[in-house]
Amino acid sequence: MLAKRIIPCLDIKNGRTVKGINFEGLRDAGDPVELAVSYAQQGADELVFLDINATNENRKTLTELVTRIAKQINIPFTVGGGINSIEDVSILLNAGADKVSINSAAIKEPTLLKKLTKQFGSQCIVLAIDTKFENDAWFVYLNGGRIKTNLRTPDWAKQAAELGVGEILLTSMNNDGTKKGFANTITQQISELVNIPVIASGGAGKIEHFRDAFNIGKADAVLAAGVFHFKEIEIQELKKYLKENKIEVRI
Amino acid sequence: MKTVILKYNSGNVRSVSFALERIGINAIVTDNEEEILSADKVILPGVGEASGAMMYLKEKKMDDLIRALNQPVLGICLGMQLFCRFSEEGNINCLGIFDQDVKLFSPGELKVPQIGWNTINELSTDLFKNVKENAYQYLVHSYYVELGANTIAQTNYGINYSTAIQKNNFYGVQFHPEKSGLIGQTILENFIKL
């Protein structure tokens with residue numbers, strides 16, 4: 001049976017791991033490769049690296065980092081952040097990334113998704129959606145959650161699936177950082193609306209939240225950062241708990 | 001030991017080459033006929049789209065070359081699908097080494113593509129030496145090969161399908177051993193030792 005996936009996310013700036021992460025207790029504070037290897041050994045099913053300071057100058061640093069990661073880790077990984085052209089995607093995939101995630105660029109030019117999936121295949125194009133619940137509806141946000149659009153999240157998810165993306169990474173801005181659990185209602189709605197895998201993101205605090213994201217949110221995978229970086233949740237214990245709760249995981 | 005990774009318009013050549021490096025094999029990535037013919041092992045990686053890949057192989061006259069290989073050959077994912085008779089992805093005739101067809105998962109309750117770790121069962125041949133039944137491997141695909149006489153491993157995703165096939169010196173795996181942790185590494189090592 002296909003297992004549900006647990007995906008730690010690492011935020012990258014200038015080739016180092018950063019952002020709201022307390023590295024106390026970790027030997028090397030900032031090397032993403034070392035963290036990645038450690039997560040792979042602990043049983044992470046995939047990894048996501050988000051370049052939070054994506055600029056043209058930094059692109060070379062990121063590309064070199066992607067190759068270092070690809071050499072070291074033996075599980076799949078996705079790279080995202082500021083990707084807005086076929087060339088960007090080509091460079092990152094050639095550097096060794098298994099998938100890339102696209103966000104703002106796809107909202108500005110939806111046909112980019114079609115071009116990318118045609119050229120590289122659906123399986124390596126992930127659509128990242130930052131969404132916020134306001135006035136009784138879920139809206140899509142641009143530029144790392146800084147700019148609101150009038151797009152409704154279900155409409156955008158459906159359109160992206162039709163344009164060929166292989167997966168949707170859905171981050172609830174209402175839940176992100178709260179540690180109060182995932183946005184299971186919208187996750188479930190999207191998961192049942194599209195016929196591609198949906199990754200739930202934003203809000204992980206306790207192991208029960210992961211169970212709920214799978215059982216209630218119908219997520220195919222769950223992404224989290226802080227709880228893993230802070231070692232509040234150990235991946236192996238989490239998977240043991242999920243298995244006890246009859247959720248198929250790879251142990 | 002000379003291992004060659006076939007260079008064609010497929011995505012993840014580097015992933016395979018890095019995975020081999022991790023087990024101490026420095027593979028040559030090439031489309032040079034002499035290099036390929038003189039290799040001890042040949043790997044056809046695969047991420048991409050079937051009809052485009054097949055047209056590229058034909059254009060470069062690599063289709064006849066692959067069919068004629070005598071040494072152990074491993075096709076991964078799309079590489080394996082290209083070994084088959086026909087693919088529904090772009091409705092194209094493939095290399096025809098195996099007489100199975102490649103079909104699209106029929107959308108229903110299950111999501112397509114299948115993405116993630118699934119178990120491999122009914123394992124046979126030395127490719128799976130020291131690999132336990134129900135081991136997890138990483139898969140990402142929308143098209144599958146049906147079960148048949150050449151099936152050497154199967155996986156269930158709504159239906160049971162061939163997750164590995166073998167005929168003479170040709171081996172194909174639907175999963176990605178290069179991305180499947182230590183068990184995937186064992187499978188790659190087993191292939192190199194064939």
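Only a predicted model underlies this, so the values are computations on that prediction, with no experimental measurement involved. Residue numbering restarts at 1 for every chain, and letters A, B, ... go by the order of the sequence lines. Atom set for the values below is all heavy atoms of this structure, side chains included, hydrogens, waters and symmetry mates excluded.
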Do B/Tyr138 and A/Asp45 come close enough that some side-chain heavy atom pair is under 4.5 Å? no
Closest contact, heavy atoms only, B/Ser15 versus A/Gly96: OG-O, 4.2 Å
Residues 172-179 of chain B vs chain A, non-hydrogen distance cutoff under 4.5 Å, contacting residues -> B/Glu178, B/Lys179
Residue from A/Cys124, A/Ser191, A/Ala221 scoring the most non-hydrogen pairs under 4.5 Å with chain B is A/Ser191
Check step by step if side chain to side chain contact (heavy atoms under 4.5 Å, CB included) holds for B/Arg14 and A/Val66. CA-CA 11 Å; B/Arg14 281 197 106 175; A/Val66 166; over 6 Å; no
Which atoms form the tightest heavy-atom contact between B/Ile115 and A/Glu46, and what is the distance? CG2-OE2, 4.2 Å
Roughly how far, to the nearest 0.5 Å, is CH2 of B/Trp117 from CD of A/Glu248? 14.0 Å
Donor-acceptor contacts, no H, no angles, side chain residues 69-76 of chain A, under 3.5 Å, sequence neighbours left out:
none

Please classify the contact of A/Thr67 with chain B as side chain, backbone, both or neither, using a heavy-atom distance under 4.5 Å. both
The interface call for B/Thr119 against chain A, heavy-atom contacts under 4.5 Å, is both
First locate atom CZ of A/Arg250, then atom OH of B/Tyr136, and finally report the distance between them rounded to the nearest 0.5 Å. 9.0 Å
B/Leu139 portion near chain A, given a 4.5 angstrom heavy-atom threshold: neither
Sequence neighbours excluded, every pair satisfying side chain to side chain donor-acceptor pair (under 3.5 Å) that has a member inside residues 113-124 of chain A: A/Glu109-A/Lys115
Could you check if a side-chain atom of A/Glu167 sits within less than 4.5 angstrom of a side-chain atom of B/Val140, using non-hydrogen atoms only? no
Residue pairs involving residues 63-79 of chain B (criterion side chain to side chain donor-acceptor pair (under 3.5 Å); sequence neighbours excluded): B/Asp64-B/Arg67
Contacting region of A/Val194 [heavy-atom separation from chain B under 4.5 Å]: backbone
